[in-house]
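Below: one structure, written as structure tokens.
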Amino acid sequence: MIKKIWRKSSLFPISIIVVVTAIILACADIDMPGYPNALFAPEIIHNDKYNPFFRSYYPLYEASFKEDESYFTDFNNCNIIEWSSYFQGHVQNLDLRYILYKSRVGEIDTLIFSIKKPGYPISNKLKSNSILRISDTRSALDFLYYIGFAKRCEEYSTYISDWSDEQTGKDPKDPRNDTADMYDLARGGIKQIANAKSDFVRQRYAFQVLRLYYMAKNYDKTLQFYIAQKSIFESTSNTIKYRSIGYLAGAYLKKKQYSTANYLYSIAYDQCDSMKVTTYLSFQPQEEKDWQQTLAMAKNTREKTVLWHMLGIYHDPLRAMKEIYALDPKSDLLDLLLARSVNINEEHFLSQSMEYNFMNTADSISYINPKLIKQDLIIFIKGVANKENTPKPYEWNLAAAYLEWATGDNHFRNDLDKAKSEAGGYGLVLDQVRLFNLLDQIKQGIAGDKKFEENLEPELVWLKNANNSDGFRQSFAHEFVLGALVAKYTTYGDIVLATCFKGQMNDEATENNILLTALENLMNKKDKSAFETYALSEFPYAKSDIIELLAVNLMYQHRTKDALVKLNEDNSTGNEKLNADPFLIHMNDCHDCDAALANKIIYTKRSFIQKMIELEAITKSDPVNAADAYLQLANGYYNIGYFGNNRVFYDTKATNMSDAGFDYREYSPVLNKDTLPNYMSSVTAESYYNKAIAASKDPEFKAMCCFMAAKCEQNAFFCHKLKNYTGDFKSGKYFSMLKTNYASTKYYQEIIKECGYFKTYLKSN
């Protein structure tokens, strides 16, 4: 059986992969974090040219969407530097940039005529270009003739198809369909090779011809031309030499000669840093057989190690590291593979949930699964670390220490100490050492132990404020640590500190007045420990937010006087305006209509509570108006619930319902339980509508209250609706009461006109 080499360079499909100029150009448009959860920062390798190949969700590390056209400008700076060297610095870079990338062909011709015929009419803009002031006019003319030729090639060599054309495979506007013109240009370029003064310019003409053949999809001609002009292509070692090798490799790839193509890509990858990304993305080993053929082409140890390095990024970093280490323990190509191998393993033994500290039992440390840590990886890394014969031994000791800690091996401390001593003050390594010590401190510590908390607090403060600009995974590490503390203090029974570390409260917590009161008491505590102060710093709500939430909860428990007393503890709370008149009702709810009323009565949370207290007093002291007061109380409770016109009553900084949304249909699996969140329940409103019915003798009034009670009943059904229930509504006792007791009222007839549910009910009953 032929062994396949499967690609595992990215975790998600690339949205577009286009082969252009023999190089795969990749774009990713994925709305998610740049890389999987990890505590081990790959930036410790301290070699920026390898950063694009760190483990990522994208084809490249921290990739952002890149327009296709920008791939053709990747070499612009290198090109300017090389032409500046050609002119020995006598032509200014800004002038070179204009000629190379902004000028028109007609302007190039004008510059040529100006050099050949002094006094030739020329614009002031072109006259100021320093190309006209150099003494070596032959070099200047060679340059300008070449640029004129290159600009004529541009429409073929840098054409980008429309996305729709790429999908259909047809692009009538593609100039590359006209191969005859491309071949004419190529013939002209070949003539210019002989006329050029220097190898530098000859090489560039050859590059343009090679690219034309490739763009014309004549891959045999591409190979033949390169071989025939090999001495010119290799005459100078600059980016053009390696870009030409890229086209050569691309032609071999198109002809499915993978071994040769991959070998050539490795040469360009190693020798030309500006081509590392594009050559890697084009690197395509297929099977073990062709891979061995590629290795056989390597002329020396460096070439072999580069090939293994690229295969390690592409597929198997551990295998590649073993091969490279055996060939050259001092190789700079090991570092990237070490970081990738650890990060890849982290994807398995670390939970990839991004919400450790929001879960009730989110012990992030216990989520580490030692069984998923590759033992052969630990053995290899530990072996290399012990020999200390790599250029950066701190990387290996740090990696060994981290994996040992994750497996529960207490020998990790020795390797961590070595990494710290070897780092030489390298900040990122020192941060990593401190983080791993902190994780173990939490793992070994006992919640509630004052010494443990005293020692832990400064480390927590450090992590919370740590700088992540050098690659330190501060954000995830901080969340990971909070998750561990949530679990530790939940298990210990200190739900107050656990809630602080969560940083967010669910419905159960926001309706737990005992918990909220305990949080307020902690905030009021005068002799708080440093650890308690830190815990509160992770809790995003102020004392005023807790006071307001407690008052709101008391209102939903129809403890109006207690709610006002609580609210009065902080006069800055409860002053937000409600959306609409909270005592206004309709047969069919229309929240936007109520909010848009020009003459609406304005209430705040505070004034609404005060009004509800007044209404309660009327029910006890004024029997004549008691029924109407009960109705207004019922309306008030209805409207501050989910289905009413002032659901924002429950929207506090702590509940943050404006972010969570209010559509019960999106959360029905959560809401299908016996006890609804306060703001979802219409039970209190329903009870007051019943009290209003009992206190009144007016059939019309009673019919209205009965219908509103029916709406409360239906609202409860909506929240508890079973998935297999096929109807839009479910009639209950109030529809029956309306039919039995109030059929003779005018309001009953209005209900029939306005309420489709009731009309449907009557047809079947």
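Values below: all heavy atoms of this structure, side chains included; hydrogens, waters and symmetry mates excluded.
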Say you draw a straight line from [atom1] of [X] to [atom2] of [Y]; how long is it, rounded to the nearest 0.5 Å?
| X | Y | atom1 | atom2 | value |
| --- | --- | --- | --- | --- |
| E323 | H309 | CD | NE2 | 15.0 Å |
| N51 | K49 | CG | NZ | 11.5 Å |
| Q203 | S231 | CD | OG | 10.5 Å |
| I131 | L141 | CD1 | CG | 9.0 Å |
| N238 | W83 | CG | CH2 | 10.0 Å |
| L94 | N129 | CG | CG | 10.0 Å |

Non-hydrogen side-chain atoms of [X] and [Y] separated by less than 4.5 Å:
| X | Y | result |
| --- | --- | --- |
| T390 | L338 | no |
| I232 | Y205 | no |
| K241 | T236 | no |
| M321 | S341 | yes |
| F233 | I245 | no |

**Study point:** Cation-pi check, R204 onto Y86 ring (under 6.0 Å, within 45° of axis)
**Key:** no
Point to revise | Donor-acceptor contact below 3.5 Å, side chain K330 vs main chain P391 | key: no
Measure the acute angle between the ring planes of [X] and [Y], then classify it against the limits of 30° and 60° as parallel, tilted or perpendicular.
| X | Y | answer |
| --- | --- | --- |
| F143 | F87 | perpendicular |
| W291 | W308 | perpendicular |
| Y35 | Y61 | parallel |
| Y280 | F53 | perpendicular |

Practice item. Might you work through the side-chain contact (heavy atoms from CB on, under 4.5 Å) test for L126 and Y98, ending with a clear yes or no? Key: CA-CA 10 Å; L126 289 179; Y98 181 79; 4.2 Å; yes
Practice item. Carefully, step by step, assess Y146 and Q208 under the rule side chain to side chain donor-acceptor pair (under 3.5 Å). Key: CA-CA 10 Å; Y146 166 72; Q208 294 292 344; 3.0 Å; yes
Study note, to complete from the structure: Given the options D332, L337, D335, D273, Y50 meets side-chain contact (heavy atoms from CB on, under 4.5 Å) only with D332
Point to revise | Test log, rule salt bridge (Lys or Arg N to Asp or Glu O under 4.0 Å), inputs R302 and D328 | key: CA-CA 8 Å; R302 178 66 185 185; D328 179 13; 5.8 Å; no
Practice item. Could you walk me through whether R97 and N77 pass side-chain contact (heavy atoms from CB on, under 4.5 Å), step by step? Key: CA-CA 9 Å; R97 185 177 294 277; N77 290 337; 3.1 Å; yes
Point to revise | E347/R55 under salt bridge (Lys or Arg N to Asp or Glu O under 4.0 Å): CA gap, chis, key distance, verdict | key: CA-CA 10 Å; E347 291 162 28; R55 190 66 169 170; 2.6 Å; yes
Review point. E82 and R243: salt bridge (Lys or Arg N to Asp or Glu O under 4.0 Å), yes or no, with the steps?
Key: CA-CA 14 Å; E82 289 171 0; R243 290 175 72 184; over 6 Å; no
Check your understanding: Checking side chain to side chain donor-acceptor pair (under 3.5 Å) for the pair N218/Y183: CA distance, chi angles, key distance, verdict?
Key -> CA-CA 10 Å; N218 192 333; Y183 290 145; 3.2 Å; yes
Exercise for review: Answer with yes or no whether the side chains of Y263 and E303 bring together a donor and an acceptor at under 3.5 Å.
Suggested key: yes
Check your understanding: Can the ring centroids of F207 and Y247 be said to lie less than 6.0 angstrom from one another?
Key -> yes
